[in-house]
Amino acid sequence: MKGTKVAFLGYNSILPQGSWAEEACLGCNPARGITAYVPVEHDQPETPCRMYSFPHPDDLGKMLCDIREARERADVVVVSIHWGIHFKEGVLADYQRYYAHFAIDAGADLILGHHTHILKPIEIYKGKAIFYSLGNFAMEEVTDMLRDVKAKGQDMKTSKSHTEMTAISDAFKTTKRSFPMDSYMTMIARWTVEDGKIAEVSYLPAYLPTDGAPYVVGPEDPMFQQINDYMARITREQGMDEGIYHVKGNGVRLA
């Protein structure tokens, strides 16, 4: 809507040590996570642990201050976060939900997540949409990865530098391309503004073919239903409400 002021805030949870901004150096705006490993049987050495993660208190406090300040200056506040567990189908880290919920409590109107290379569930929290991952939208498969195959005889499944990463998902064992096949399903987030507020949020299903050029999938394409079924399933498996998805025209409205 003409005249609407939109504040767009960006944060990064996936960053090497020392790459975040500090008083004397440039860097990313951090939203770091802290991981706790708690033994299932504390008296049994080297037995499995449960993992829990939490927002870094300094980063969370800074984010909430940013959002409150943006709330005073703008009509709509959008928060974008690079975060999450890559390639693990549907699974969310604890710290993501904490950050997202605290952000909305502080005044954010929409959360846009990315990084994980696959789609993740969408949650409606207090009437606000949280896209935990929008998936991929630009892929280097037709350049760097295929060049590595030709030059080194390695791909994502056999590269020594990616051994641990590809072990995260069994889908690497069955893929016909460089990434798991569900890495090529993606989406475009869409929202409409009325009277200075977000009135409706939806997404447009999209797909990445072998040439790496993304395109919006229409309702007549079987991939349209495949992507929507995928979203409903991973949302249900994460204990969230799959009933939020409603097909409307060439997109899916969230309720």
Side-chain angles (χ1 to χ4, degrees), residues 7-23 25-40 42 47-70 77-126 128-137 161-169 171-172 179-180 182-183 189 234-235 237-240:
F8 197 92
L9 305 175
Y11 301 87
N12 191 356
S13 300
I14 311 300
L15 65 177
Q17 289 288 335
S19 62
W20 49 86
E22 296 184 355
E23 291 181 3
C25 65
L26 300 175
C28 294
N29 195 14
R32 290 166 290 176
I34 297 174
T35 305
Y37 299 90
V38 181
V40 176
H42 64 87
T47 52
C49 292
R50 293 190 180 96
M51 290 187 292
Y52 304 93
S53 61
F54 313 91
H56 190 290
D58 294 342
D59 297 349
L60 177 61
K62 178 63 167 59
M63 175 189 287
L64 299 184
C65 286
D66 291 344
I67 293 170
R68 293 183 185 116
E69 182 177 351
V77 179
V78 180
V79 175
S80 173
I81 312 181
H82 198 69
W83 62 1
I85 303 171
H86 57 185
F87 299 112
K88 195 70 173 176
E89 185 181 284
V91 177
L92 302 174
D94 293 337
Y95 78 92
Q96 294 179 266
R97 298 194 190 195
Y98 285 123
Y99 269 120
H101 291 187
F102 277 123
I104 289 174
D105 288 342
D109 297 297
L110 178 67
I111 310 293
L112 301 177
H114 36 85
H115 157 67
T116 61
H117 297 292
I118 55 175
L119 295 168
K120 295 282 188 171
I122 300 171
E123 181 183 15
I124 302 298
Y125 173 74
K126 294 186 176 179
K128 309 292 179 66
I130 303 167
F131 289 81
Y132 281 103
S133 176
L134 294 167
N136 293 312
F137 206 73
S161 62
H162 292 101
T163 300
E164 287 80 9
M165 185 188 76
T166 55
I168 290 174
S169 172
F172 275 104
F179 284 106
D182 54 1
S183 292
I234 63 173
T235 300
E237 290 175 353
Q238 289 303 301
M240 297 179 178

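Side-chain contact between Asp182 and Leu119 is absent, with no heavy-atom pair separated by less than 4.5 Å.
Using cut-offs of 30° and 60° on the angle between ring planes, the pair Phe87 and Phe172 is perpendicular. The aromatic rings of Tyr95 and Trp83 lie perpendicular to each other, with more than 60° between the two planes, well past the 30° mark.
The distance from the CE atom of Met240 to the CD atom of Glu123 is 4.0 Å, given to the nearest 0.5 Å. Note that CZ of Arg32 is 13.0 Å distant from CD1 of Ile14, once rounded to the nearest 0.5 Å. Taken to the nearest 0.5 Å, the OG atom of Ser133 stands 8.5 Å off from the NE2 atom of His114. Taken to the nearest 0.5 Å, the CD1 atom of Ile122 stands 13.0 Å off from the CD1 atom of Ile111. How far CD1 of Ile118 is from CD of Glu89: 6.5 Å, rounded to the nearest 0.5 Å. How far CE of Met63 is from NE2 of His56: 12.5 Å, rounded to the nearest 0.5 Å.
Across every non-hydrogen atom of Ser183 and Asn136, the tightest pair is O-ND2, 3.0 Å. Gly90 approaches Ile234 most closely through the heavy-atom pair CA-CB, 4.0 Å. The heavy-atom pair separating Ser13 from Ala31 by the smallest distance is OG-O, 2.6 Å. Smallest separation of non-hydrogen atoms from Ala108 and Val79: CB-CG2, 3.8 Å. Here the closest non-hydrogen pair linking Tyr132 and His101 is OH-NE2, 4.0 Å. Pro55 and Ile34 make their closest contact through O-CD1, 4.4 Å (heavy atoms, listed as atom of the first residue, atom of the second, distance).
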Intermediate values then yes/no, side chain to side chain contact (heavy atoms under 4.5 Å, CB included), Gln96 and Lys120: CA-CA 12 Å; Gln96 294 179 266; Lys120 295 282 188 171; 6.0 Å; no
Full working for salt bridge (charged side-chain N to carboxylate O under 4.0 Å, His left out) between Lys62 and Asp66: CA-CA 6 Å; Lys62 178 63 167 59; Asp66 291 344; 2.8 Å; yes
Step-by-step side chain to side chain contact (heavy atoms under 4.5 Å, CB included) determination, Tyr99 to Asp59: CA-CA 10 Å; Tyr99 269 120; Asp59 297 349; 3.5 Å; yes
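No more than 12 heavy atoms of other residues, nucleotides or ligands shown are found within 6.0 angstrom of OH on Tyr98.
Applying the salt bridge (Lys or Arg N to Asp or Glu O under 4.0 Å) test to every pair with at least one member in residues 98-110, sequence neighbours left out, gives these pairs: Arg71-Asp109, Asp105-Lys126, Asp109-Lys128. The stretch residues 91-103 participates, sequence neighbours left out, in no salt bridge (Lys or Arg N to Asp or Glu O under 4.0 Å) pair at all.
Residues passing the side chain to side chain contact (heavy atoms under 4.5 Å, CB included) test with Glu22, sequence neighbours excluded: Trp20, Cys25.
No donor-acceptor pair under 3.5 Å is formed between the side chain of Thr235 and the backbone N or O of Pro121. Not one N or O on the side chain of Thr35 forms a donor-acceptor pair closer than 3.5 Å with the backbone of Ser53.
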